[in-house]
Structures are given as structure tokens and as C-alpha cells.
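By convention in this document, chain letters (A, B, ...) are assigned in the order of the sequence lines, proteins followed by strands, and residues within each chain are numbered from 1. Both backbone and side-chain heavy atoms feed into the values below; hydrogens, waters and symmetry mates do not.
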Number of protein chains: 2
Amino acid sequence: MSLSDLFGGDPFVPAQQVRIEPIQQRSTARLSGLLDAAATVVDEVGFDRITTAMVAERAGASIGTVYRYYPDRVAVLQALRERAVLRFRHRVSEQLKISAAKNWWDTVDVAITAFVDLYRSEPGFRIMHFSDREGASSVEDPESGFFARRVAAMLVEEFGLAGGDELILRLEVAVEMGDSILSRAFRIDPQGDERFIVECRVVTHDYLAGYYGPNVR
Amino acid sequence: MSLSDLFGGDPFVPAQQVRIEPIQQRSTARLSGLLDAAATVVDEVGFDRITTAMVAERAGASIGTVYRYYPDRVAVLQALRERAVLRFRHRVSEQLKISAAKNWWDTVDVAITAFVDLYRSEPGFRIMHFSDREGASSVEDPESGFFARRVAAMLVEEFGLAGGDELILRLEVAVEMGDSILSRAFRIDPQGDERFIVECRVVTHDYLAGYYGPNVR
DNA sequence: TGCTCACCGAGCGGAACTCGATCATAGGAC
DNA sequence: GTCCTATGATCGAGTTCCGCTCGGTGAGCA
């Protein structure tokens, strides 16, 4: 498994993203258009105030079209989140190709930078912090830890870190920490409070380095 | 400012908790009953699916009664959250009295334990992770950092830590990290995945100790 | 016996969501 | 190239459900 493989590859099959897979060309445009609309509306009014009518109008579509693709309101939000995750991974993949990472820390740092950049440029990116809610039923979240597992496999292969459940757990913790601190950075300041961003890098680095050393490989 | 002061004292004035202050006795019972009902419903169906009708029915009250006390649906959730915060602070205060903390780490550890205990025993306690959402408007959240500021003042006074914005920032980061990791611990396992709880203590301790040393005072 | 507090629940407005009618497109027949 | 048609895609009026109001009724206090 290579770097680009890890972050770029598709193997992220949305559980229930759309009701009906688009067949004609215009519908794929519609689909992304709906998500674009949802993204800007989220930035404008927030998660809770968003209505399906707003999304439809913004996308130049009718209510019915929204429900053709998504079973309900929250499904739209979830789809938006999945797209954001995909774009994040894609961005990381690109950056890793440009500036080849020399060690595990470079990789993590690139990921943090990508996250910050997308937070700044991508409408509705704060949807990323829209994870656990939905206490509805005790359904296992297939995404939970998925990302950490893939990164772990990659780090083991690329940089020879000691793998296993230990590494996966720590990466999951690191992801959780990083996400929360960065979200805090952007909670008030739309450009992101630099102090928190710096602190995120420090914390993540120190936490992982504490177990695997700053210069492994 | 003393420990019990910090965590126990009232000085947490809810912005807009209730519409009408209860005058007769039965109404205070109603109020807490409504919140109890909201708490169990939150555990059952989640934040988004909760309806005012559910809360009313569960509390053995009518719709109108809910709205007598709370201006709208989210106000009920906010009130529930405020009560949870209050109970958390109260619990910490009690525990600090029982086992007098000898240093800053004892204090933090007690807080983490209290958080975990309440997560396990208190219905709807995961409402605690219901903080930032409400991206609606760029209204400054007065709560953001409030807790960290108070804890900082207390640590400076009790244990002689170097204070200032530096300490406040770090405590805010620590609170954010701790909350997210603990929430992750309980995301799937209702008893809390012990691995994440342990990791939360380690991370919080190492992070703060890295700047102030493990044995200050 | 009044007077205020507390409670109820039918009803209103608006948002989520459905469904049959209508339009657009791909792709085969010629 | 041009029809033609099956089916995908879109629309939006209508239904249902939910948040919230308000006038009427019961419960506690003086």
C-alpha cells in the first residue's frame, strides 16, 4: 500500500449515500450541485436551521429532486460530510506526492495542513466535525476507526513503525484530538485561530512521538 | 478562590434557561421532571430525533407545559446541558473535598474521573458534547473558554502555576482534547471503552506536564 | 371566595416528505 | 442523420408531522 493509494484510492463505500445511483450525465451534476448548495447553506445558517427547501432553491432544483437522491434531511448532511472526507483524503494524497514525506511526522503534518486549508477554502467544511451525534440506535459506525486503520497500515509499511492494535488506537486518539482542536480553532475565527493550530501540531506530534520517537526511520 | 468555590459555587448564570421562574413547589418538580424526560429521550433517539411531544409525554405533561418553561426545543437541550455541567462541577467539588488534591494533576484526574462516572450513570450526559454546533450567526459564545479560565485562576492560586493567557490556552486545549477522547470512548460502548479513558488521562497529563512539569508544587 | 399560578390540548403555520404527471435523454431502428 | 420510445429525471401541489400559541379550565394560596 502506497501513500497515494491510501489517501487517494476510492475504497470508501458510502453506506446509504443516495437512494438512486445517477445514470444520465445531468444527474451527477445535479448531485454535486445539491451538495454544493447544502455546503453554502450550512455556512450561512448552520446545521440546524438548514431546510430542504433552502438546499433545493439554492441548487435551482425542486424539493422532489432532493428527495429523489436523499432519503431525508440528515442524509444530505451525511453525504456532504462524506464528500468532505473524500476531498480531504484526496488533498493529502496530492500533497504527499508533491513533497514526499520522509518520516511519519511529515505525513501527519501534511494531513493537518490539508485539514486547515480545506477548512479555510471549502464551503461547509466544518461539517467534518459532525460525527457522532445521531445516537439513534446502537448501529456500529463503520467509519469509526477506519481512517486510523488505513493510516496505521501505511505508516507501518512506509516508515517501519511497530504496528498492531496499539498503533491503531493511538492514531484514533490522535485523529480525535486533532479534529477537536482544529474545530476549536475555527469555532469563532473563520480563518482559524493560529494559536490552536500550532497547538494541534505540537500536541499530535508529542503524543505520537512519545511512543514511537521523533525520528523513527 | 478555593476548590469548592470553583467547582461548587453557583456563579454560572444561565443565559435564558427558563421563561418563567417557578413559584409554587410543584413547578420546580415539573422542571426537573421535564429535564429528566429529555435526558432519557436523548439517550433513546438522539439529539436530532427528539421532539417536544416525546419529552412532554415522557414527563407526564402536555405540550403546553413544556413551552411554559422553555421558549423552544433547543432551549430544552441547552437547559439539559447546563444542568449536566452543573452536576459535573458539583461532583468534582465533592470529590475534591473527600480526597484533597495535592497538586494540579490530582485535580485534573479527579475531573476526568467525575466525567467518566457521570457519563456512565447520568442519563443524557452525552449532551455534554453538544457544544459548538449552532453555527448560527457569529455570536460569541460566552461559555467558550469560560471554564478553562476559572480552572486556570484556581490552579494559579492553589498550586502556584504560572498563569496568564498561556495557561488559559493550554487548559482550553486540554478540555477540548479530553472531551473529544472521552466522547469517543463512549461512542459505541455505553460503559466507555477503557482504552480511550486511560489514553485520555495520559494525553492530558503529558500535555500539561510538558509545560509545567509533573510535580509543580 | 376570589385570585393567581399551573396546566391542558385543539389548532395554526411551516417544514419534511410523497407521488403521479410531465419533460429530457440515451440509444436503437432505419 | 432522424425519428421513436423506454426510462431516467424533474417538478410541485398536496399530505403528514412537528414546533409552537393561546384561550379555557383546574389547583393552590390568602
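- Comparing atom distances between the Arg30(B) side chain and each of dC18(D), dC7(C), dG8(D) picks out dC7(C) as nearest.
- Distance from the side chain of Ser62(A) is smallest to dG12(D) among dG12(D), dC8(C), dC17(C).
- Rounded to an integer number of Å, the gap from OH of Tyr70(B) to P of dC7(C) is 12 Å.
- The side chain of Asp72(B) lies closest to dC20(D), out of dG8(D), dC20(D), dC8(C).
- Look at Arg49(B) and you won't find any side-chain N or O under 4.0 angstrom from OP1 or OP2 of dA16(C).
- Considering only side-chain N and O atoms, Thr65(B) lies under 4.0 angstrom from the phosphate OP1 or OP2 of dC8(C).
- Of the listed nucleotides (dA16(C), dC11(D), dG19(D)), dG19(D) has the atom at the smallest distance from the side chain of Arg73(B).
- Atom pair Leu77(B):CG and dG19(D):C1' shows a separation of 14 Å (rounding to whole Å applied).
- Phosphate contact (OP1/OP2 of dC7(C), side-chain N/O of Tyr69(B), threshold under 4.0 Å): present.
- Nearest heavy-atom pair, Leu96(B) versus Ala101(B), reported as atom, atom and distance to 0.1 Å: CD2-CB, 3.9 Å.
- When rounded to the nearest whole Å, the span between CG of Leu31(A) and C1' of dT10(D) equals 14 Å.
- What separates CD1 of Ile63(A) from C1' of dC11(D) is a distance of 11 Å, to the nearest Å.
- Using a 4.0 Å cut-off, no side-chain N or O of Tyr67(A) falls inside it from OP1 or OP2 of dT18(C).
- Relative to the side chain of Thr51(A), the nucleotides dG19(D), dC8(C), dA15(C) differ in distance, and dA15(C) lies closest.
- Taking 4.0 Å as the cut-off between side-chain N and carboxylate O, Arg170(A) and Asp165(A) do not count as a salt-bridged pair.
- Nucleotide dG12(D) holds its C1' atom 14 Å from the CD atom of Glu57(A), rounded to whole Å.
- Aromatic rings of Phe125(B) and Phe88(B) (six-membered ring for Trp) have centroids beyond the 6.0 Å cut-off, not under it.
- A donor and an acceptor atom, one from each side chain of Thr113(A) and Arg201(A), are located under 3.5 Å apart.
- Comparing Gly64(A) and Ile50(A) by the nucleotide of DNA chain C whose heavy atom lies nearest to each, the residue mapping closer to the 5' end is Ile50(A).
- Geometric assessment of Arg120(B) against the ring of Phe186(B) yields a negative cation-pi assignment under the 6.0 Å and 45° thresholds.
- Spacing between atom CZ of Arg68(B) and atom P of dT4(C) amounts to 14 Å, rounded to whole angstrom units.
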